[in-house]
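What follows is a set of notes on a single structure, which appears directly below.
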Amino acid sequence: MNYNFKEIEAKWQKYWAEQGTFRAENNADKPKYYVLDMFPYPSGAGLHVGHPLGYIASDIYARYKRHKGFNVLHPQGYDSFGLPAEQYAIQTGQHPAITTENNIKTYRRQLDQIGFSFDWSREVRTSSADYYKWTQWIFIQLFDSWYDNQQDKARPIADLVEHFSNHGNSTVDASCSENTPQFSAQDWCGFSEQQQQEILLHYRLTYLAETEVNWCPELGTVLANDEIVDGVSERGGHPVIRKKMTQWSMRISAYAERLLSGLETIDWTDALKESQRNWIGKSVGASVRFRVKNHDAEIEVFTTRPDTIFGVSFMTLAPEHELVSQLTTEQQKADIESYIQATSKRSERERMADVKTISGVFTGAFAEHPFTKAPIPIWIGDYVLAGYGTGAVMAVPCGDQRDYDFAKHFKIPIPTIFSGVDISEGAFTDKAKTKIANSEFLNDLDFKSATERAIEALEAINQGEGKINYRLRDAVFSRQRYWGEPFPVYYVDGMPKMIEIQHLPITLPEVEAYLPTETGEPPLGRAEVWAWDTQHNEVVHNSKINHETVFPLELNTMPGWAGSSWYFNRYMDPQNTREFAGQDALNYWQQVDLYIGGSEHATGHLLYARFWQKFLFDRGYVPVDEFAKKLINQGMILGTSAFVARIEGTNTFASLDQILDQNVQFIHADVSLVNASDELDVDAFKLWRNEFATAQFILSDDGTFKVKREVEKMSKSKYNVVNPDAICENYGADALRLYEMFLGPLEQYKPWNTAGITGVSSFLKKLWKLYIGDSGLKVTDAAATKDNLKTLHKTIKKVTEDIEQFSFNTSVSNFMIAVNEFTAQRCTSREVLRPLLVLISPYAPHVAEELWSLMGHNTSISTTQFPEFDPKHLIESSKTYPISFNGKMRFKLELSLDLSKEEIEQTVLAHEKTIAQLQGKVPKKVIVVPGKIVNIVG
RNA sequence: GCUGAAGUGGUGGAAUUGGUAGACACGUUGGACUUAAAAUCCAAUGGCCAUUAUGGCCGUGCGGGUUCAAGUCCCGCCUUCAGUACCA
């Protein structure tokens with residue numbers, strides 16, 4: 001009997017599916033464990049070998065936990081709304097739902113062939129109406145909530161309305177929009193319904209506001225900050241401009257502090273936590289208001305150094321600052337205007353690239369120092385960003401390098417306010433060594449007490465207070481796309497109204513094309529049946545809008561991150577039609593125990609999902625306020641691209657050592673045309689693409705054509721994609737799984753190299769041969785030898801440790817060692833071969849199931865208890881452990897593996913006498929087992 | 001600049017967290033089997049030197065230090081990758 005992986009893998013995949021082997025129960029006596037992968041966007045290109053890396057790791061862990069007696073929830077689904085399907089629809093007219101459905105089929109087939117233990121009965125798709133019904137529901141809950149800073153949680157908007165009608169808004173400490181007016185209870189009751197609704201929008205956790213957004217004309221849509229890389233769109237690399245639009249926003253800024261402090265409670269990597277911290281960008285300082293001389297205006301600034309307030313020698317406003325035009329004097333007007341013109345023409349990108357050039361213009365106006373009343377010249381400069389803080393700074397040249405450079409450049413005085421510091425070369429920024437001078441009541445104080453005193457003094461004259469500033473902005477939630485969740489929103493006289501929950505979902509309407517309309521409206525503007533009838537509570541034809549009870553529906557759709565911000569909760573109870581998930585299910589599964597996915601989602605999905613979870617927690621819908629206890633970022637598997645050198649301006653290609661000093665361009669060649677020795681199959685290359693059909697080649701002396709290799713991200717456009725289908729076909733799913741783990745540590749970025757797979761492939765054959773001979777099963781009831789048991793328990797110990805530390809790569813090595821040792825021992829004993837199979841089954845489940853069944857078991861190996869390590873089998877043959885003795889002498893003690901350091905010390909102490917007697921003989925190694933010395937190697 | 005991670009053979013990577021560096025695998029070389037190839041099996045494989053054999057010296061990015069003992073800990077550098085940035 002030979003190892004026929006194709007037959008075996010198909011057989012067991014079918015068995016698992018039919019038996020529902022991996023179905024999780026929502027209530028079980030067993031402890032629960034929830035292992036989750038970041039669900040994929042089903043792209044048209046299908047999976048490459050890089051995609052399953054994290055899934056294989058999580059699958060191993062999920063299978064391990066099942067062996068360990070846990071009720072494991074290990075689901076999978078699709079983040080199936082997204083731009084590529086829509087782009088494809090624009091080009092071909094095919095409905096994105098069809099494209100998506102086809103892509104999902106491909107994904108499912110590819111995932112199935114790898115043998116994952118997903119509970120597919122819980123599959124979710126963000127684009128299915130059964131699912132996005134609840135995304136819409138959450139949106140409505142956000143609309144129906146405000147953030148109470150006092151209680152530090154979200155509360156129903158009804159509470160706020162009640163407070164307004166009794167006390168107005170002056171006593172409410174809530175997160176709200178900047179331009180919220182003050183009003184009394186009386187005012188409130190006098191407001192029209194329309195006015196009240198307008199005010200409430202300033203408080204709701206999702207609100208409609210005119211915001212400056214990142215508009216991508218090419219894609220015809222708004223992008224979030226994390227969808228922009230280097231000033232161009234992440235997808236497609238199109239230019240992005242700033243534009244004012246009325247958009248839905250999410251008041252994530254209300255959660256800034258909790259998103260920050262919550263990081264302390266979860267087991268995520270430091271790198272990831274750090275990027276979330278940076279993104280939230282908390283800075284502690286003060287807000288200071290400077291009066292402007294001869295104007296009825298104040299300039300508010302944020303500073304982290306209120307202690308340096310007496311060092312202010314000028315102020316700088318961002319060119320876009322709203323006060324600029326008011327303040328500028330007649331004399332300076334021309335200069336200021338031409339400067340603003342010049343900066344607005346420069347793109348963000350240019351502005352970033354050109355950091356070193358100092359530029360700015362004096363407005364002619366002066367502010368007044370809050371304490372000394374001295375005049376402070378007001379400048380504008382593009383080093384101050386409109387989007388951060390208040391878009392204005394108080395410049396303290398002696399304490400900030402940029403202010404210093406600006407002052408030097410424009411010959412503005414640089415007063416010294418630190419004692420014992422030389423500032424002739426640059427600013428002094430070391431807070432820890434700060435000693436304030438020349439600063440009236442702050443003199444001789446250090447950073448901390450000067451800061452406190454300055455804030456107190458500012459508060460006393462009502463010109464400032466302590467303030468914490470966050471970089472985190474509210475998230476724009478509207479996208480001008482077709483293929484996304486429709487909002488459950490219609491408009492009456494321009495005011496948004498929510499559709500009642502019992503009438504959800506509002507499903508995507510049909511449109512005849514997926515482009516924006518001629519008038520620039522989103523694609524939903526093309527839908528003819530897209531109006532809300534409040535009488536019949538249904539979506540009706542637009543032509544009925546002139547009726548009294550029919551109103552226009554929202555034309556935008558939700559962004560990609562909407563559906564992915566709560567899907568982990570839906571898996572707990574995916575078929576529930578009455579709730580997003582039942583309370584029993586939520587209380588049982590609580591949260592994700594292990595989440596595996598890429599670190600590229602650090603400031604997108606992983607932040608938004610935490611935000612929504614905290615919101616749902618506040619409103620009492622989920623039992624915990626962090627959705628994932630532990631998170632592991634799997635590294636990427638990179639492709640090894642191949643490049644051929646084309647001599648510039650010709651169709652002639654030179655082998656790598658034949659380039660000499662000719663000018664060449666390196667062009668990607670498909671990796672399948674190149675062998676392991678970096679030699680190109682020239683004939684296949686000619687056939688590959690038409691343009692190369694007539695190519696000429698300058699070969700190396702040995703007649704081969706050498707290519708240049710480079711490791712890059714695996715991508716279709718780089719022709720370096722390796723398809724898992726081919727690997728499964730040639731080596732099997734078990735080999736693919738083992739090899740992906742064997743490549744290196746999970747978190748690491750590592751290049752794929754198909755050649756190396758022969759190692760794990762021959763391991764599987766050896767494993768098979770250990771159990772199965774020419775005449776069938778070799779396993780017997782013969783007693784295990786001491787060596788057998790030693791090998792087994794050594795392997796149990798290491799593999800258990802490996803899995804618990806997520807170092808799956810070393811486990812594979814340990815299996816190889818074990819199989820080699822058992823083979824050398826001619827082991828046939830069921831007593832050790834049975835547990836060995838259980839150890840291996842999370843990694844190579846198909847072959848394990850087959851051998852398991854050939855050994856006579858008639859239930860799946862996945863329900864078997866994981867073998868326990870028993871140290872007694874390692875005691876007799878043990879490991880050396882060098883120790884120092886009397887500070888100088890060195891002995892090597894050979895001890896059993898399971899001893900702690902303390903036990904070793906005790907052992908040594910117990911034999912101090914014996915060892916002392918040996919000193920003269922200088923033994924190299926003393927072999928000890930607990931209780932007695934058994935051997936001395938001299 | 002700041003933050004995070006990492007530098008070990010020809011290659012991917014191990015190293016019980018201070019204890020024989022290079023496990024395991026790829027690759028390479030030699031051998032067996034074969035008409036041949038594939039597959040399989042055996043042996044060698046960090047560098048240098050030496051030998052009949054036993055052996056010796058050097059080696060974990062660089063320079064110091066602590067220790068009986070350092071890839072691992074401490075101090076000072078260099079390099080690479082990733083994230084982020086006129087953030088006041």
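Labels below follow one simple rule: chain letters A, B, ... track the order of the sequence lines, proteins then strands, and each chain is numbered from 1. Below, each value reflects all heavy atoms present in this structure, side chains not excepted, and no hydrogens, waters or symmetry copies.
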So, OP1 or OP2 of [N]: does either fall under 4.0 Å of a side-chain N or O from [X]?
| X | N | result |
| --- | --- | --- |
| A/R471 | B/rU84 | no |
| A/R402 | B/rC87 | yes |
| A/Q748 | B/rA5 | no |
| A/N753 | B/rC26 | no |
| A/N820 | B/rA25 | yes |

Please state the [atom1] separation for the pair [N] and [M] - nearest whole angstrom.
| N | M | atom1 | value |
| --- | --- | --- | --- |
| B/rA70 | B/rG59 | C1' | 14 Å |
| B/rU51 | B/rC62 | P | 31 Å |
| B/rU40 | B/rC33 | C1' | 9 Å |
| B/rG9 | B/rA5 | C1' | 23 Å |
| B/rG7 | B/rG13 | P | 10 Å |
| B/rG76 | B/rC68 | P | 24 Å |

Taking atom [atom2] of [N] as reference, at what distance in whole Å does atom [atom1] of [X] sit?
| X | N | atom1 | atom2 | value |
| --- | --- | --- | --- | --- |
| A/H601 | B/rG83 | NE2 | C1' | 15 Å |
| A/I817 | B/rU16 | CD1 | P | 14 Å |
| A/K273 | B/rG83 | NZ | C1' | 17 Å |
| A/Q401 | B/rC2 | CD | C1' | 15 Å |
| A/M816 | B/rG13 | CE | P | 15 Å |
| A/N809 | B/rA23 | CG | C1' | 12 Å |
| A/D802 | B/rA15 | CG | C1' | 12 Å |
| A/Y731 | B/rA38 | OH | P | 14 Å |

- Message: Quick check for you: among B/rA39, B/rA88, B/rG83, whose closest atom lies nearest to any side-chain atom of A/K765?
- Response: B/rA39

- Output the single nucleotide from B/rG83, B/rA85, B/rA88 whose closest atom is nearest the side chain of A/Y388.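 Nearest listed nucleotide: B/rA88.
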
Between the main-chain N or O of [Y] and the side-chain N or O of [X], is there a donor-acceptor pair closer than 3.5 Å?
| X | Y | answer |
| --- | --- | --- |
| A/R737 | A/A844 | no |
| A/N814 | A/K798 | no |
| A/D400 | A/R402 | yes |
| A/N809 | A/L746 | no |

- Message: By the 4.0 Å heavy-atom rule, please label A/P751 as base, sugar-phosphate, or nothing.
- Response: nothing

- For A/K282, report the nucleic acid contact type (base, sugar-phosphate, nothing); a contact means any heavy atom under 4.0 Å.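 Result for A/K282 = nothing.
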
- Query: Which heavy-atom pair separates A/P370 from A/Q463 by the least distance, and what is that distance?
  - Reply: CB-NE2, 3.9 Å

- Task: Could you please name the partner base of B/rA5, counting Watson-Crick and G-U wobble pairs only when both distances are under 3.5 Å?
- Result: B/rU80

- Nucleotide paired to B/rA85 in any strand shown, Watson-Crick or G-U, under 3.5 Å: none

